[in-house]
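Presented below is the structure to which this report refers.
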Amino acid sequence: MRQLVVDTETTGLNPKTGDRILEIGCVELVNRRLTGRNLHYYINPERDSDPGALAVHGLTTEFLSDKPKFAEIVDELRDYIGGAEIIIHNAAFDLGFFDAEFERLGLPNFMSHCNGLIDTLLQAREMFPGKRNSLDALCERLGVSNAHRTLHGALLDAELLAEVYLAMTRGQESLVIDLMDASPGSGEAHSARVALHQIELTVLAASSEEQALHDGLLDELDKSIKGTCVWRNAPDTGHEAGTPS
């Protein structure tokens with residue numbers, strides 16, 4: 001299962017009035033694991049950024065003047081995204097810009113090259129109704145550190161969004177997930193299951209010295225409350241000591 005977390009920076013808010021993409025960041029996940037095979041472009045948008053957009057991304061016309069134009073990177077981009085499931089926060093925004101760029105070059109739209117779309121903004125609104133669901137808000141809510149983020153950047157935001165997406169979709173996972181076959185060529189990695197009854201858990205029983213220390217602590221508790229502490233009255237679970245329940 002190959003997924004790409006994608007983000008862009010643009011010269012403004014509306015591709016229909018001529019705003020262009022000036023940065024693309026893509027982070028690859030295979031079977032929910034970061035591969036490090038990411039893609040990142042700075043692009044000469046052939047126009048200035050709006051002041052508001054420039055304040056967000058900080059990428060000046062001078063900095064971008066010697067970068068490749070979109071037409072020069074589009075073939076590599078199409079090869080990279082081919083067949084992948086795409087993950088975007090507020091997908092309508094980014095896809096609107098991608099489609100405008102592709103249309104300008106006479107190419108099929110962005111998603112025609114891909115295999116499915118996940119919009120994490122819509123996903124977050126379902127999970128956290130009535131709350132702020134910006135990328136920054138989700139990072140704070142889900143414990144994803146964005147302290148190193150001072151300006152928006154496509155690759156940095158894609159990396160943050162990848163962590164947010166994994167946190168949002170992790171659910172009640174256990175440590176046995178690492179036993180799953182995660183090899184990209186297996187063909188069955190995405191549907192592998194772990195038989196929990198086949199897992200042997202190591203049980204470390206308390207030594208006689210540790211048990212004596214434990215009993216001594218309970219004696220101290222009994223003295224402090226002038227009675228019997230609750231741990232002396234624990235119900236019998238029907239399991240012998242050292243046997244996992």
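Along the sequence shown, residues are numbered consecutively beginning with 1. Values in this document were obtained by computation on a predicted structure and should not be read as measured data.
Ion pair Lys69/Glu72 not flagged as a salt bridge, since none of the NZ, NE, NH1 or NH2 atoms sits closer than 4.0 Å to an Asp/Glu carboxylate oxygen.
Side-chain contact check for Val27 versus Leu4: every heavy-atom pair is 4.5 Å or farther apart. Arg20 places none of its side-chain heavy atoms less than 4.5 Å from the side chain of Pro15. In this structure the side chain of Gln123 reaches within 4.5 angstrom of the side chain of Tyr165, judged on heavy atoms. The closest side-chain heavy-atom distance from Leu39 to Leu155 is not below 4.5 Å. Side-chain contact between Leu160 and Val144: present, with at least one pair of heavy atoms (C-beta onward) separated by less than 4.5 Å. Here the side chains of Ile21 and Pro45 are not in contact, with every heavy-atom distance at 4.5 Å or above. A heavy-atom distance below 4.5 Å is found between the side chains of Glu9 and Asp157. Between Val164 and Leu135, the closest side-chain pair of non-hydrogen atoms falls below 4.5 Å.
Within 6.0 Å of atom CD in Glu103, 12 or fewer heavy atoms from other residues, nucleotides or ligands are found, so the atom counts as exposed in its surroundings.
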**OP:** Before giving the answer on side chain to side chain contact (heavy atoms under 4.5 Å, CB included), spell out for Thr11 and Asp50 the whole-Å C-alpha distance, their side-chain angles and the decisive distance to 0.1 Å.
**Re:** CA-CA 6 Å; Thr11 63; Asp50 294 341; 5.9 Å; no

Original post:
Can you list the steps and then say if Asn133 with Arg141 is a side chain to side chain contact (heavy atoms under 4.5 Å, CB included)?
Top reply: CA-CA 9 Å; Asn133 289 303; Arg141 187 174 304 140; 2.9 Å; yes

**OP:** Could you please spell out the steps behind the side chain to side chain contact (heavy atoms under 4.5 Å, CB included) verdict for Arg32 and Thr169?
**Re:** CA-CA 10 Å; Arg32 294 180 55 82; Thr169 56; 2.8 Å; yes

Original post:
Are Met1 and Val30 close enough, and set up right, to give a side chain to side chain contact (heavy atoms under 4.5 Å, CB included), and what steps lead you there?
Top reply: CA-CA 6 Å; Met1 181 175 64; Val30 174; over 6 Å; no

**OP:** For the pair Asn44 and Asp66, evaluate side-chain hydrogen bond (donor to acceptor under 3.5 Å, both in side chains) and give the outcome as yes or no after the intermediate values.
**Re:** CA-CA 7 Å; Asn44 180 354; Asp66 63 347; over 6 Å; no

Expected list for residues 112-121: side-chain donor-acceptor pairs under 3.5 angstrom, two or more places apart:
{"from": "Ser112", "atom 1": "OG", "to": "Asn109", "atom 2": "O", "distance (Å)": "2.5"}
{"from": "His113", "atom 1": "ND1", "to": "Asn109", "atom 2": "O", "distance (Å)": "3.1"}
{"from": "His113", "atom 1": "ND1", "to": "Phe110", "atom 2": "O", "distance (Å)": "3.3"}
{"from": "His113", "atom 1": "NE2", "to": "Arg78", "atom 2": "NE", "distance (Å)": "3.0"}
{"from": "Asp119", "atom 1": "OD1", "to": "Asn90", "atom 2": "N", "distance (Å)": "3.0"}
{"from": "Asp119", "atom 1": "OD1", "to": "Leu121", "atom 2": "N", "distance (Å)": "2.9"}
{"from": "Asp119", "atom 1": "OD2", "to": "Ala91", "atom 2": "N", "distance (Å)": "3.0"}
{"from": "Thr120", "atom 1": "OG1", "to": "Ile88", "atom 2": "O", "distance (Å)": "3.4"}
{"from": "Thr120", "atom 1": "OG1", "to": "His89", "atom 2": "ND1", "distance (Å)": "2.8"}

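In the hydrophobic clustering of ILVMFWY residues, with side-chain heavy atoms under 4.5 Å counting as a link, Leu161 and Leu95 come out apart. Under the 4.5 Å side-chain heavy-atom criterion for grouping Ile, Leu, Val, Met, Phe, Trp and Tyr, Leu142 is not connected to Leu122 through any hydrophobic cluster. Both Ile87 and Leu138 are assigned to one and the same hydrophobic cluster, defined by single-linkage of ILVMFWY side chains at heavy-atom distances under 4.5 Å. Under the 4.5 Å side-chain contact rule for hydrophobic residues, Ile86 and Phe70 share a cluster. Placement of Leu77 and Leu22 in two distinct hydrophobic clusters is found when ILVMFWY residues are connected by side-chain heavy-atom separations under 4.5 Å, directly or transitively.
A distance of 8.5 Å separates CD of Glu159 from CG of Leu34, quoted to the nearest 0.5 Å. Here CD of Gln3 is found 9.0 Å from CG of Asn31. Values are rounded to the nearest 0.5 Å. Here CG of Asn146 is found 4.5 Å from SG of Cys139. Values are rounded to the nearest 0.5 Å. Note: Tyr41 OH to Lys67 NZ = 15.0 Å, rounded to the nearest 0.5 Å. Note that CD1 of Ile43 and CD of Glu23 are 8.5 Å apart. Values are rounded to the nearest 0.5 Å.
Relative to the six-membered ring of Tyr80, Arg2 meets both conditions, a distance below 6.0 Å and an angle of at most 45° to the axis.
Residues Thr8 and Asp94 have side chains that bring a donor and an acceptor to within less than 3.5 angstrom of each other.
Classified by interplanar angle (parallel below 30°, tilted 30° to 60°, perpendicular above 60°), the ring pair Tyr42/His40 is perpendicular.
For Asp19 (side chain) and Asn14 (main-chain N/O), a donor-acceptor pair under 3.5 Å exists by modelled atom type. With Arg37 contributing its side chain and Thr35 its backbone, the two residues share no donor-acceptor pair below 3.5 Å. The main-chain N or O of Gly18 is found under 3.5 Å from a side-chain atom of Arg47 such that the two form a donor-acceptor pair.
Between Val6 and Cys26, the shortest heavy-atom distance links the atoms CG2-SG, 4.0 Å. In terms of heavy-atom proximity, Phe93 sits nearest to Leu13 at CE1-O, 3.8 Å. Across all their heavy atoms, Ala158 and Gly25 have their closest contact at CB-O, 3.8 Å.
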